[in-house]
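Reading through the structure tokens given below for one structure.
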Amino acid sequence: SNAALYLTGWTVGSDERLQHYVDLANRTEINAYVVDIKDDDGYVGYESNIPAVREIGAWKSKYNVDKVLKTFHDNNIHVIGRLVCFKDPVLSSKKPELAVKSVNGGSWRDNHNLTWLDPYNKDSWPYLIEIAKEAVEKGFDEIQFDYIRFPNDGSKKSMSFNTGGKEKHEIINEFLAYAREQLPGVVLSADVFGIILESPADTEDIGQYLEKIVKDVDYISPMVYPSHYAVGQ
């Protein structure tokens, strides 16, 4: 079993911090780290050779991926790659046809004025999975999908979807099934809202239905931090 901490791309991009976390793992029960492949800023954190990523300038040199993976693996540390999926302000703004639409026309925006990918539009799916495949080739030991959901902040009433008659949770599960099919033999995990552990079905209206979201992933990581709950819950 893994005892892990989450590290951003910027953190592992510092030689001093990288060594600190190697030392920490070597002297404690920590034996794994979650490291950003693509964060919710929409940028892959290292130089990507995927044409679709390069075409829209969707990578930043936050860290040297080969060096970081080698350093951790040389110390028997398991590296889990965090891949933010549908909260991608870069792809959704560069290719607005892939974005959640607004009933008022144009792209819908959340409370931070950011655009999101529309999970119902499968044209963005291969982009996300190509990034996962490249990360696996680089040597990440596991892919952890984050933001595999619909937006939950901002005006929900003004979002417009072409659902094709499918529920939100059905399309999210289809994405995970597609990921599983495209990444055979890869350990896959999913970050989910902690609240779904006590809400029936997809009450939160984000596309996460506990009993169904686990079908195509090996692990789920329910996010049980206070900001996700109402007072006294």
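Here CD1 of Ile80 is found 12.0 Å from CG of Leu188. Values are rounded to the nearest 0.5 Å. Of the inter-residue distances, the one linking Ile213 atom CD1 with Arg149 atom CZ reads 11.0 Å to the nearest 0.5 angstrom. Rounding to the nearest 0.5 Å places CG of Asp36 at 9.5 Å from CD of Gln144.
In terms of heavy-atom proximity, His73 sits nearest to Gly139 at CE1-O, 3.0 Å. Summarising the geometry of Ile171 relative to Pro119, their closest heavy-atom pair is CG1-O, 3.7 Å, with the distance given to 0.1 Å. In this structure, Ser92 and Thr115 approach most closely via the heavy-atom pair OG-OG1, 2.8 Å. Pairing each heavy atom of Gln208 with each of Ile148, the nearest pair is NE2-O, 3.3 Å. In this structure, Val12 and Val68 approach most closely via the heavy-atom pair O-CG2, 3.6 Å. Nearest heavy atoms, Val217 versus Ala190: CG1-CB, 4.3 Å.
Electrostatic pairing of Lys156 and Asp205 counts as a salt bridge here, judged by a charged N lying under 4.0 Å from a carboxylate O. Under 4.0 Å is where a charged nitrogen must lie from a carboxylate oxygen, and between Asp39 and Lys60 no such pair does.
Listed by chain and residue number, Tyr63 satisfy the ring-ring contact (aromatic ring centres under 6.0 Å, His included) test with Tyr46 (two or more places apart in sequence, or in another chain). Remark: Tyr120 engages Phe150, Phe161 in a ring-ring contact (aromatic ring centres under 6.0 Å, His included) (not counting sequence neighbours). Listed by chain and residue number, Arg17 satisfy the side-chain contact (heavy atoms from CB on, under 4.5 Å) test with His20 (two or more places apart in sequence, or in another chain).
Between Glu47 and Ser61 the shortest side-chain heavy-atom distance does not fall below 4.5 Å. Between Leu7 and Phe72, the closest side-chain pair of non-hydrogen atoms falls below 4.5 Å.
Side-chain polar atoms of Asp191 and Tyr147 form no donor-acceptor pair below 3.5 angstrom. Neither side chain, Asp216 nor Asn173, offers a donor N or O lying under 3.5 Å from an acceptor on the other. Side chains of Asp88 and Trp116: no donor on one and acceptor on the other come within 3.5 Å.
Residues in residues 122-131 take part in these side chain to side chain donor-acceptor pair (under 3.5 Å) pairs, two or more places apart or across chains: Lys122-Glu174. Within the structure, every pair that satisfies the salt bridge (charged side-chain N to carboxylate O under 4.0 Å, His left out) test and touches residues 62-79, not counting sequence neighbours, is listed here: Asp15-Lys67, Asp41-Lys62, Asp66-Lys138, Lys70-Asp74.
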Let me have the donor-acceptor pairs involving side chains of residues 94-103, under 3.5 Å, with sequence neighbours excluded, atom names and distances please.
residue : atom : partner : partner atom : Å
Lys94   : NZ   : Ile56   : O            : 2.9
Lys95   : NZ   : Glu55   : OE2          : 3.3
Lys101  : NZ   : Pro96   : O            : 3.3
Lys101  : NZ   : Glu97   : O            : 3.2
Lys101  : NZ   : Ala99   : O            : 3.0
Ser102  : OG   : Asn104  : N            : 3.0

